[in-house]
Amino acid sequence: MADPNILAFNCLNPECGKLIKLRRPAKSGIYPVTCPHCKVQKKLNIKGLDAFKDASDASGTAKLEGPVLDNSSKSVITVPDDFLVGETYRFMCPHCGKQEIGLTSNKAGIKEFLCPLCKGKITVNVRLKTQVLSFEDETRQLIKGKLVLLRKGWLNKDYPLGLGKHVIGRYDESGMSDISIKNDNAMSRRSIRIDVDQTEKGFAFKLTVLKATNPVLHNNSPLANGESVSLNFGDTIILGKTKFRFDKDL
């Protein structure tokens, strides 16, 4: 039968990994522990005897848990998942991988918090839901539009957007897009489509994400696959490492 007063675990130094035994402290907390074999010291979040007073199973044996590395001094980790306002998410701590964390936010923005178990710093980017648009919902422009490829150190390149559909993506001879961009492997072959429609009220420009391995950014806000936005003059669009601006085609 395990002795609840003794804590046994393997050294957290990957070059050692040998068994360590120590007497469990009376109170839970963060304690420096030095491995008697490799002499490497780690700060560990250890549950003391006070945490097991009410944690006995039916046989009366205390339920034991191993130590958790204290990650409070480590750099912040940003969870790359897509978080939307008003939605509830559950994910494991990216530091220790042992603590499940729940998140619901009613406001957009960067949220920073600590893992309650290992004290590691975590950030997530919560964004507003992007509205899926039809042409009836879109902003109408009286002037035709164009995409401007912004190139540092080079002249910008214009791509006029006539009526119809325009697929933009990475240059690929096996399947060319309407607007194909060379030298950007971070861009998908068919990344976005811009639909141009005209009525007596003017022109409408709708951007729809087709497939994007890397995020498509519209005015620095990420769009998921299948999402659509209405374009207004001056908007910026980032595909992979390439940046465009939506301008008037005068």
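- Not less than 6.0 angstrom separates the ring centroid of Phe246 from the ring centroid of Tyr159.
- Shortest non-hydrogen contact noted between Asp70 and Cys118 is OD1-O, 3.5 Å.
- In terms of modelled atom types and a separation under 3.5 Å, the side chain of Asp184 and the main chain of Lys241 share a donor-acceptor contact.
- Residues Lys144 and Phe205 approach most closely at C-CZ, 4.0 Å, considering heavy atoms.
- Put simply, the side chain of Lys243 never gets that close to the backbone of Ile237: no donor and acceptor are under 3.5 Å apart.
- Within the 3.5 Å criterion, the main-chain N or O of Cys11 finds no donor-acceptor partner in the side chain of His37.
- By the rule that hydrophobic residues join a cluster once side-chain heavy atoms approach within less than 4.5 Å of another member, Val229 and Phe233 end up as members of one cluster.
- Salt bridge status for Asp247 with Lys146: absent, with no side-chain N to carboxylate O gap under 4.0 Å.
- Closest of all the heavy-atom pairs between Lys121 and Lys74 is NZ-O, 3.6 Å.
- When all heavy atoms of Cys93 and Cys96 are compared, the pair lying nearest together is SG-N, 3.5 Å.
- Between the NZ atom in Lys165 and the CG atom in Asp195 there is a gap of 4.0 Å [rounded to 0.5 Å].
- Using modelled atom types, no side-chain atom of Ser177 and backbone atom of Ile179 make a donor-acceptor pair closer than 3.5 Å.
- At a cut-off of 3.5 Å, with distance as the only test, no side-chain donor of Ser221 or Asn219 sits close to an acceptor on the other residue.
- Side-chain N or O atoms of Ser105 include one that pairs as donor or acceptor with a backbone N or O of Lys107 at under 3.5 Å.
- Considering Val148, Leu150, Ile192, Ile168 in turn, Ile168 is the only one that fulfils the side-chain contact (heavy atoms from CB on, under 4.5 Å) rule with Phe244.
- Taking each heavy atom of Gln99 and Cys115 in turn, the nearest pair found is CB-SG, 3.6 Å.
- Contact between Lys98 and Leu117 at its shortest, heavy atoms only, is CB-CD2, 3.9 Å.
- A donor-acceptor contact shorter than 3.5 Å is absent between the side chain of Asn71 and the backbone of Gly120.
- Atom CD1 of Ile181 sits about 8.0 Å away from atom CG of Leu239, to the nearest 0.5 Å.
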